[in-house]
There are 2 protein chains.
Amino acid sequence: MSPRPLSDTLHKLMHAYRRLMLETIREQGIDLPITHIRVLKGICRIEECTAHHIASQMRRDRAQIARVVSELVKNGLIMKVTHPQDRRSQLLEPTEAGLQLRERLDQVEEAVTQRLTSPLTADEIEIFEKIAGRMTEQAALDPTHRPTEKEAG
Amino acid sequence: MSPRPLSDTLHKLMHAYRRLMLETIREQGIDLPITHIRVLKGICRIEECTAHHIASQMRRDRAQIARVVSELVKNGLIMKVTHPQDRRSQLLEPTEAGLQLRERLDQVEEAVTQRLTSPLTADEIEIFEKIAGRMTEQAALDPTHRPTEKEAG
DNA sequence: CGATATTAGTTGATAAAGTCATCTTATTTT
DNA sequence: AAAATAAGATGACTTTATCAACTAATATCG
């Protein structure tokens with residue numbers, strides 16, 4: 001088998017996953033788009049989190065993140081705190097409501113993941129994670145820095 | 001390891017892949033969005049292809065597909081031929097230009113796939129494909145039809 | 001046969017998501 | 001202090017997706 005059909009595989013998986021997440025989230029009565037949810041999760045996870053951190057970690061446009069962040073603030077899920085060392089910057093912190101929502105989201109994600117991975121063994125899941133992670137890393141590398149046989153190993 | 005981080009893994013991979021595909025396609029001077037490209041590919045692949053086939057195969061809204069199809073027609077990449085057995089329906093067929101573009105796209109996809117999978121062994125790629133495929137299938141199942149132990153096997 | 005339901009596809013309105021350029025304000029650099 | 005840089009915000013725009021309503025052709029069923 002050539003690696004050609006990877007494209008289709010990825011696309012289908014992507015959409016299947018998105019669709020399922022969104023469905024499940026909606027079923028739970030949570031009215032937030034997926035990107036917002038990921039940003040909230042990032043903010044909960046990252047210590048001393050700024051919009052910049054989120055943008056670069058999610059590899060997204062700053063404008064997009066700025067908008068998402070301001071909506072999360074409007075929804076009372078996070079707060080902006082002026083950065084003590086740099087007044088241009090703001091620390092993003094979850095509110096109590098944000099933390100609570102995150103717990104519910106974790107449960108949804110757990111459920112979706114359970115469902116998607118239900119036909120898989122624990123080993124397979126782990127393998128999948130690892131392989132996917134390596135592909136992502138690879139994609140992030142500077143393309144001008146073509147790995148040659150020496151480095152590609 | 002719990003299966004929890006699957007969500008992040010998938011998101012990152014999705015975006016990395018999309019980004020890389022788009023970059024590479026643009027570098028090649030091809031000015032088509034990814035969805036159009038996938039539709040074109042589908043039309044080239046499927047015998048007796050209709051918009052309906054594409055929509056259900058890609059699990060997309062018919063409206064979206066209709067629009068993409070009509071743009072592909074406008075670009076001279078495919079033709080609509082009235083279905084001989086059903087005048088509601090139209091067969092979608094690639095033009096010569098469409099076939100040529102597909103060849104170039106195959107090359108791009110090949111290159112992107114090469115790059116993404118370059119740190120992987122052939123075995124790993126195959127495993128990844130299989131696992132991803134199974135997850136997609138699983139996601140497509142009717143959620144009300146909860147597979148029990150008997151069926152899930 | 002003829003009323004009704006179904007299916008393929010189209011179109012308009014709208015939402016959602018992402019991108020680009022530009023602006024303000026604050027901090028570094030020199 | 002002037003210039004360069006960085007964080008973030010905002011307006012305008014593009015792309016992509018979704019919904020609902022519509023036309024036209026076919027299928028179904030009395």
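If you're wondering where the values come from, they're calculated on a predicted model, not measured in any experiment.
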Heavy-atom nearest pair, A:S89 first then A:T50, reads OG-CG2, 3.5 Å

Nearest heavy-atom approach of B:I46 to B:C49 is O-CB, 3.5 Å

Per the under-4.0 Å heavy-atom filter, residues of residues 43-60 of chain A near DNA chain D come out as A:T50, A:A51, A:H52

From CD1 of A:I34 across to P of C:dG18 the rounded distance in Å is 10 Å

note: B:Q64, atom CD; C:dT11, atom C1'; distance rounded to Å ~ 13 Å

For residues 59-73 of chain B, dump all side-chain donor-acceptor pairs below 3.5 Å to protein atoms at least two apart in sequence or in another chain.
unit_1 : atom_1 : unit_2 : atom_2 : d
B:R60  : NH1    : B:M58  : O      : 2.8
B:R60  : NH2    : A:H15  : NE2    : 2.6
B:D61  : OD2    : B:A63  : N      : 2.9
B:S70  : OG     : B:R67  : O      : 3.0

To the nearest 0.5 Å, atom NZ of A:K130 lies from atom CG of B:L120 at 13.0 Å

Picking from C:dA17, C:dT10, C:dA8, the nucleotide nearest the side-chain atoms of B:S89 would be C:dA8

By salt bridge (charged side-chain N to carboxylate O under 4.0 Å, His left out), A:R87 pairs with (sequence neighbours left out) none

In short, ring pair (Phe, Tyr, Trp, His ring centres under 6.0 Å) pairs touching residues 43-62 of chain A with sequence neighbours left out are none

Residues at least two apart in sequence or cross-chain that pass side-chain contact (heavy atoms from CB on, under 4.5 Å) with B:L99, listed by chain then number, are B:C44, B:P94, B:E96

When rounded to the nearest 0.5 Å, the distance separating OG1 of A:T117 from CD of A:E129 is 9.5 Å

**Item:** Residue-phosphate contact under 4.0 Å: B:K80 side-chain N/O, C:dT10 OP1/OP2
**Value:** yes

Return a table of donor-acceptor pairs under 3.5 angstrom between the side chains of residues 76-84 of chain A and protein atoms on other chains or two or more places apart.
none

Outermost contacting nts on DNA chain D, any atom under 4.0 Å from chain A heavy atoms, listed 5' then 3', are D:dA6 to D:dA17

Ring pair (Phe, Tyr, Trp, His ring centres under 6.0 Å) pairs touching residues 100-140 of chain A, sequence neighbours excluded, are A:F128-B:F128

Residues at least two apart in sequence or cross-chain that pass side-chain contact (heavy atoms from CB on, under 4.5 Å) with B:I30, listed by chain then number, are B:I25, B:Q28, B:L32, B:L101, B:R104, B:L105

Rounding to 0.5 Å, atoms CD (B:Q107) and CD (B:Q114) come to a distance of 12.5 Å

In numerical order, the residues of residues 66-78 of chain B whose heavy atoms come under 4.0 Å of DNA chain C are B:A66, B:R67

5' to 3', nucleotides 24-30 of chain C under a 4.0 Å protein heavy-atom cut-off (B base, S sugar-phosphate only, - none) gives --BS---

Hits for salt bridge (charged side-chain N to carboxylate O under 4.0 Å, His left out) against B:E124, two or more places apart or cross-chain, chain-then-number order -> A:R134

Between B:I65 and B:R62, the residue closer to the 5' end of DNA chain D by nearest nucleotide is B:I65

